[in-house]
Trainee: 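This is the structure I want to talk about, given as structure tokens.
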Protein chains: 2
Amino acid sequence: MRSRLKETLDVPAARDEGDADKTLTERAFRLIRDDIVAGRLAPGEKLRIDPLRKRYDIGASPLREALSRLSSDGMVETEGQRGFHVSPISLDALWDITETRLLLEGHALRRSIERGGDDWESAVVAAYHRLHRAEQRRRAAPEAGLDDWEDRNRDFHDALIGNCGQPWLLRLRRILYHQHERYRRLVLLKRPIPRDVEAEHKAIMDAALARDADTACRLSDAHILRTAEAIAEFVAKHPAGAAPEAEGAARRA
Amino acid sequence: MRSRLKETLDVPAARDEGDADKTLTERAFRLIRDDIVAGRLAPGEKLRIDPLRKRYDIGASPLREALSRLSSDGMVETEGQRGFHVSPISLDALWDITETRLLLEGHALRRSIERGGDDWESAVVAAYHRLHRAEQRRRAAPEAGLDDWEDRNRDFHDALIGNCGQPWLLRLRRILYHQHERYRRLVLLKRPIPRDVEAEHKAIMDAALARDADTACRLSDAHILRTAEAIAEFVAKHPAGAAPEAEGAARRA
DNA sequence: CATTTATCGATTTTCTAATATATTTTCGAT
DNA sequence: ATCGAAAATATATTAGAAAATCGATAAATG
């Protein structure tokens, strides 16, 4: 009778939501979102339809539908008859996102651990392994595999909380994760990871597999908070890009 | 520097998000969502474009954009190239939504109370007063003012948590509130409110104004849980409409 | 003369209408 | 009955037209 919670466990290393780009709208959605998250579309930048059409080779309607969905996810904003633009960033928003994510992720992690199960355990171990490999590879070629590392980092955190049995909780938390990822990557564009994130991941996994929910949540909170603090520090020093209104479209003047 | 948190307090009794329907897309978004929440579009019902065009007198593109946004909010689902349909309902989803909302609403309420402030207090009192008047009116004409009562009930709960200072928390919680409202109204279509909800509202407000966050959260949790239990009981007895796939479109056969 | 207000044109966004693509149903043959 | 091919239906997409906004220049006012 129950139908869709396949995101929960079935495909541990699956890509994000909808998976395969069955329609141009889905394709546009993923491409634009990834460009925003990766910083290739700058915060506050105006998103005019024609340039986007050429950039992605996709017609106006699918683009507008994708942008509509992204506006529901808070990645772009749309105002009246004035088109779309990438959501600006700010320190306030960073802390808002961080605290709310802390709340959701903590709850989901605890539930996930309490429910336990063999499938979940092996999914966590597998995801950690894949992430570990990406970390090693990244140490060799620091700039190269960032996209890859991000994918696996996301998969690892998804696997940890994926057993909580609350699709809505996971859904909302994923929105925040993507927002958080955007802030993080704006920093990672210019700096390497500043601390031993790998060890933190291992500690969280060990606590989770030992069914020690309190410790796992504490470590997870610290993990997220440390990241947010690093981002905040960076943003405070380099205020560039903080809600710069129009940027990147300085083609005319 | 900070820009948009006007939803938080500025306009206590404001209607939902985007307010005025500046574009047909916004208009379609609100109309369809309200029809789904009010049960005029049944759970699982297929949403074909042509019938919708005639129903709302809006073209295909704005409709599709509105449906795209609604799919991000979980009100409709879209699968590959097979169009849109109203999200089905289920007991599992009800509890998922309820528990997740409990988490967000509790946190937001506590924050809101802790931060206090005169503006917030008066907004809460005003919203309660408006709700109170609607309750009285509804006792006189039980069926009539349901839409009105729902608006004011939403405004009251919004006012309580609106002072938490976390726009993202409010944003995600609002998604869940609408989902919850949908389940509730599917029941209210056929039954009156089964308990003294008015007294519960008053108790929550009193605790909030007394800055007793623990009590307010406890009462709020109980309030939400009791509602969910009433819905669950009803849905268990009347399994009709639970993921009925295609319904209401039984025009052909 | 400086500042504001009004107006026009260019650009952009929004929407309608028509085309192409995919899916579902129907119908006939095995 | 079951399967497969073809028609019918619906969806997704493109192209083009209508509405609105923005910027610049000109007129009006203090």
Side-chain angles (χ1 to χ4, degrees), chain A residues 17-32 41-42 44-72 75-87 244-253, chain B residues 17-32 41-42 44-72 75-87 244-253:
Chain A
E17 294 114 38
D19 256 3
D21 300 330
K22 270 207 101 169
T23 70
L24 285 183
T25 297
E26 284 172 39
R27 179 176 170 72
F29 176 82
R30 166 132 354 131
L31 288 172
I32 299 172
L41 291 172
E45 180 173 344
K46 187 113 179 51
L47 295 170
R48 290 201 188 76
I49 298 295
D50 262 358
L52 292 181
R53 267 190 33 179
K54 285 160 195 160
R55 175 171 185 151
Y56 299 112
D57 191 34
I58 290 175
S61 287
L63 277 179
R64 289 186 59 83
E65 283 175 37
L67 290 169
S68 297
R69 286 178 53 187
L70 286 167
S71 81
S72 270
M75 278 292 166
V76 314
E77 296 184 351
T78 168
E79 198 184 348
Q81 226 117 346
R82 259 170 273 176
F84 301 89
H85 56 270
V86 180
S87 293
E245 228 21 47
E247 190 175 54
R251 223 168 306 141
R252 177 165 339 225
Chain B
E17 293 114 39
D19 258 2
D21 299 329
K22 272 206 98 170
T23 70
L24 285 184
T25 297
E26 285 170 40
R27 181 176 168 72
F29 176 81
R30 168 137 349 137
L31 287 173
I32 299 173
L41 291 171
E45 180 173 345
K46 187 110 180 52
L47 294 170
R48 290 201 190 76
I49 298 296
D50 264 358
L52 291 181
R53 268 190 33 180
K54 285 160 195 159
R55 175 171 185 151
Y56 299 112
D57 191 33
I58 290 176
S61 287
L63 277 178
R64 289 187 59 84
E65 282 176 37
L67 291 169
S68 297
R69 286 178 53 187
L70 286 166
S71 81
S72 270
M75 278 291 167
V76 314
E77 296 184 350
T78 167
E79 199 184 347
Q81 226 118 339
R82 259 170 277 177
F84 302 88
H85 57 270
V86 180
S87 293
E245 229 18 49
E247 188 174 56
R251 223 170 305 141
R252 178 166 337 230

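Numbers restart at 1 for each chain; the letters A, B, ... are given by sequence-line order, proteins then strands.
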Trainee: With a cut-off of less than 4.0 Å, is there a side-chain N or O of K22(B) near OP1 or OP2 of dT13(C)?
Mentor: no
Trainee: Report all interatomic pairs (protein N or O, nucleotide N or O of nucleotides 17-19 of chain C) with separations under 3.5 Å.
Mentor:
none

Trainee: When rounded to the nearest 0.5 angstrom, what is the spacing between OG in S71(A) and CZ in F29(B)?
Mentor: 8.0 Å
Trainee: Within this structure, what is the CZ-OG1 distance for the pair R64(B) and T78(B), rounded to the nearest 0.5 Å?
Mentor: 7.5 Å
Trainee: Nearest to the T23(A) side chain among dT13(C), dA12(D), dT14(C), which nucleotide is it?
Mentor: dA12(D)
Trainee: Counting heavy atoms from C-beta on, name the nucleotide in dT14(D), dC15(C), dT11(D) closest to the side chain of L24(A).
Mentor: dT14(D)
Trainee: At what distance, to the nearest 0.5 angstrom, does CG of L47(A) lie from CG of L63(A)?
Mentor: 10.0 Å
Trainee: Are any of R82(B)'s side-chain N or O atoms less than 4.0 Å away from OP1 or OP2 of dA22(C)?
Mentor: no
Trainee: Choose from dT13(C), dT13(D), dT16(C) the nucleotide whose nearest atom is closest to any side-chain atom of P62(A).
Mentor: dT13(D)
Trainee: Side chain of R48(A) only, please: which of dT13(D), dT12(C), dT23(C) is the nearest?
Mentor: dT12(C)
Trainee: Which heavy atom in L24(B) sits nearest to a heavy atom in I58(B), and how many Å separate them?
Mentor: O-CD1, 4.1 Å
Trainee: Please check the phosphate of dT13(C) (OP1 and OP2 only) for any side-chain N or O of R64(A) closer than 4.0 Å.
Mentor: no
Trainee: Looking at five pairs on each end of the helix from dC1(C)-dG30(D) to dT30(C)-dA1(D), what is the angle between the two axes, given to 10 degrees?
Mentor: 20°
